[in-house]
Asker: 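This is the structure I want to talk about, given as structure tokens.
Naming: A, B, ... by sequence-line order, numbering from 1 per chain.
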Protein chains: 2
Amino acid sequence: MTEDATTEQPTGGTTGPRLVAEPRQDGVDAAVRAARRLVTALLRSGDGTGADMAAVAKEIDAVTDRLTENAPAVPERLADMWRGEGVTRHDPVTGPENAVAPPLTLRGRDDGSVAGVVTLDLPYQGPPGHVHGGISALLLDHTLGVANHWAGSAGMTAELTLRYLRPTPLFEPLTVTGRQVSVEGPRIRAVGEISAGGRPVVTAEGLFIHKQLPRPS
Amino acid sequence: MTEDATTEQPTGGTTGPRLVAEPRQDGVDAAVRAARRLVTALLRSGDGTGADMAAVAKEIDAVTDRLTENAPAVPERLADMWRGEGVTRHDPVTGPENAVAPPLTLRGRDDGSVAGVVTLDLPYQGPPGHVHGGISALLLDHTLGVANHWAGSAGMTAELTLRYLRPTPLFEPLTVTGRQVSVEGPRIRAVGEISAGGRPVVTAEGLFIHKQLPRPS
């Protein structure tokens with residue numbers, strides 16, 4: 001019933017190069033992995049289990065206070081987190097430093113597309129037992145962006161259209177794919193989809209503009 | 001620098017009835033509030049602050065293990081969380097039981113629209129210092145759904161189009177609004193936008209189909 005958070009999700013046959021940050025076993029990634037388990041455990045508990053939630057809150061707050069005491073100022077942290085030209089470690093989809101991220105692991109495929117497999121739990125619920133439509137949008141927006149990087153020309157989302165074909169299940173492996181379809185001047189187009197049990201459940205079309213916000217320094 | 005997580009966000013003049021679950025000061029909501037602070041603190045820390053992240057991971061894991069031991073089985077928990085006809089307490093946008101949720105508080109306005117104000121921190125970052133496009137999609141998908149409920153006829157998202165007009169800043173109050181524009185048979189249309197500093201930054205148009213998945217029992 002509890003997932004083994006240290007085991008990587010199955011890759012669904014996507015054996016190409018990893019296009020997102022590799023989680024480390026130690027350091028902040030280990031604490032984030034624990035925080036992610038906590039977020040899910042709180043949703044699986046709810047109230048009425050007899051757990052002393054005031055004590056839980058107090059223990060977590062004590063950890064947070066200790067972290068906060070030693071944390072750099074935000075501008076300094078921003079400059080640090082955007083240093084280097086690698087993939088981001090902190091985004092809410094793939095980031096090993098972000099407990100909001102499921103996280104989704106994306107790999108490049110020989111045909112130029114990208115793909116990953118992820119199983120979502122209660123933190124991502126919309127309709128009963130199913131994935132929130134906005135979470136599917138979040139996964140697809142990010143995947144289209146990574147597909148653009150993999151294709152060699154990326155930018156910022158200008159327009160994104162999602163089509164929800166059928167409900168997307170929680171607790172089952174979802175395959176998320178994306179590929180770039182065209183680059184015309186600064187206008188980049190990419191498409192993607194989420195499938196469950198071999199059937200598409202959500203599709204996405206995105207228009208991206210080839211520009212980037214400056215990295216803080 | 002640390003937000004006071006117990007203070008409600010400003011309402012941006014949206015003084016109508018609250019349309020989302022009210023966070024409680026105690027019980028699981030208090031633990032979730034603490035977990036939310038922890039997620040942000042981990043991102044604000046990163047590696048290299050000298051914090052003993054192995055110890056942090058161990059402490060959090062101990063709390064999680066205790067919760068997991070007493071948690072109901074998932075089907076039982078699902079039935080429980082969907083009991084009653086009120087607003088959801090667990091969704092990833094407004095849910096006081098979900099640490100993924102910022103959370104966004106939405107209120108109904110006299111003109112039939114809904115609105116809320118939220119300030120987002122590092123967990124929701126996409127481009128440097130700015131909100132991830134997929135997070136804007138998540139907030140808007142949910143807000144359009146709540147707008148449909150407020151208008152009296154709601155359903156599941158069938159199609160959602162987002163237009164990103166300019167980068168959406170972190171650390172500044174964002175106003176999120178939505179309103180239903182038409183109902184034709186089962187087809188419901190709603191629009192919404194996110195604005196920052198009085199200017200729209202992202203707009204959304206959604207088509208919803210008037211149906212609901214069965215609640216688990």
Side-chain angles (χ1 to χ4, degrees), chain A residues 2 26-28 30-32 34-35 37-39 41-47 49-51 53-54 56-57 59-61 63-64 67-68 70-71 77-78 81-82 90 92 97-100 123-124 127-129 132-135 137-138 141-142 157-164 167 213 215-216, chain B residues 2 26-28 30-32 34-35 37-39 41-47 49 51 53-54 56-57 59-61 63-64 67-68 70-71 77-78 81-82 90 92 97-100 123-124 127-130 132-135 137-138 141-142 157-164 167 213 215-216:
Chain A
T2 48
D26 58 359
V28 74
V32 168
R37 283 187 69 220
L38 172 67
V39 171
L42 286 166
L43 271 162
R44 286 186 172 213
S45 293
D47 272 317
T49 62
M53 290 294 181
V56 168
E59 280 175 74
I60 301 169
D61 275 335
V63 172
T64 302
L67 289 169
T68 302
N70 295 303
R77 172 67 183 131
L78 272 174
M81 79 198 319
W82 286 99
H90 44 74
E97 296 182 8
N98 191 336
V100 168
Y124 308 101
H132 194 291
I135 293 291
L138 171 62
D141 177 54
H142 198 83
T157 317
E159 198 172 311
L160 183 71
T161 298
L162 291 313
R163 290 188 181 83
Y164 298 87
L213 291 185
R215 291 186 172 216
Chain B
T2 49
D26 58 0
V28 74
V32 169
R37 283 187 69 220
L38 172 67
V39 171
L42 286 165
L43 271 161
R44 285 185 173 213
S45 294
D47 271 317
T49 62
M53 290 295 182
V56 168
E59 280 176 74
I60 301 169
D61 275 336
V63 172
T64 302
L67 288 170
T68 302
N70 295 302
R77 172 67 183 131
L78 272 174
M81 79 198 318
W82 286 100
H90 44 76
E97 295 182 9
N98 192 335
V100 168
Y124 307 101
H130 290 80
H132 194 291
I135 293 291
L138 171 62
D141 177 55
H142 198 84
T157 317
E159 198 172 311
L160 183 69
T161 298
L162 291 311
R163 289 186 183 84
Y164 297 86
L213 292 185
R215 292 187 172 218

Asker: Can you tell me how far CG of B:Asp141 sits from CG of A:Leu162, rounded to the nearest 0.5 angstrom?
Answerer: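 Atom-to-atom, A:Leu162:CG and B:Asp141:CG are 8.0 Å apart.
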Asker: A:Thr64 versus B:Arg44: any side-chain heavy-atom pair under 4.5 Å?
Answerer: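 No. Closest side-chain heavy atoms not under 4.5 Å.
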Asker: Begin from the C-alpha positions of A:His132 and B:His142 and carry the test side-chain contact (heavy atoms from CB on, under 4.5 Å) through to its verdict.
Answerer: CA-CA 8 Å; A:His132 194 291; B:His142 198 84; 2.8 Å; yes
Asker: Report yes if the side chains of A:Leu42 and B:Glu97 come closer than 4.5 Å at any heavy-atom pair, otherwise no.
Answerer: no
Asker: Only pairs of heavy atoms separated by less than 4.5 Å count here; which of A:Asn70, A:Val56, A:Asn98 has the most with chain B?
Answerer: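 Of A:Asn70, A:Val56, A:Asn98, A:Asn98 has the most heavy-atom pairs under 4.5 Å with chain B.
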Asker: Looking at side-chain heavy atoms only, is the closest gap between A:Thr161 and B:Glu159 below 4.5 Å?
Answerer: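 Counting from C-beta outward, A:Thr161 and B:Glu159 do come under 4.5 Å.
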Asker: Please rank B:Ser45, B:Ala35, B:Pro127 by heavy-atom pairs under 4.5 Å with chain A and give me the top one.
Answerer: B:Ser45
Asker: Could you check which of B:Pro92, B:Pro216, B:Ala41, B:Ala99 has the highest count of heavy-atom pairs closer than 4.5 Å to chain A?
Answerer: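 Among B:Pro92, B:Pro216, B:Ala41, B:Ala99, the one with the most close pairs to chain A is B:Pro92.
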Asker: Can you name the closest pair of heavy atoms from B:Thr157 and A:Tyr164 and give their distance?
Answerer: O-CB, 3.2 Å
Asker: Shorter than 4.5 Å, heavy atoms on both sides: which option in B:Gly133, B:Pro123, B:Ala51, B:Gly129 has the most such pairs with chain A?
Answerer: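 Going by pairs under 4.5 Å, I would pick B:Pro123.
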Asker: Is there a donor-acceptor pair closer than 3.5 Å between any side-chain N or O of B:Asp61 and the backbone N or O of A:Ala34?
Answerer: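 No, because the side chain of B:Asp61 does not come within donor-acceptor range (under 3.5 Å) of the backbone of A:Ala34.
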Asker: For a quick test of reading the model, state the closest non-hydrogen atom pair linking B:Leu138 to A:Ile135 and the distance between them.
Answerer: CD1-N, 3.7 Å
Asker: If we define contacts as heavy-atom pairs under 4.5 Å, which of A:Ala158, A:Gly50, A:Pro167 has the most with chain B?
Answerer: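 Between A:Ala158, A:Gly50, A:Pro167, the count favours A:Ala158.
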Asker: Are B:Ile60 and A:Ile60 packed together at the side-chain level, in the sense that at least one heavy-atom pair is separated by less than 4.5 angstrom?
Answerer: no
Asker: Please classify the contact between B:Arg77 and chain A as side chain, backbone, both or neither, with a heavy-atom cut-off of under 4.5 Å.
Answerer: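 Just its side chain gets close to chain A.
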Asker: Look at A:Ala57, A:Pro128, A:Ala30 and state which one has the largest set of heavy-atom pairs under 4.5 Å with chain B.
Answerer: A:Pro128
Asker: B:Leu43 versus chain A, heavy atoms under 4.5 Å apart: side chain, backbone, both or neither?
Answerer: both
Asker: Do the side chains of B:Leu67 and A:Leu38 get nearer than 4.5 Å, heavy atoms only?
Answerer: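 The answer is yes; the side chains approach within 4.5 Å.
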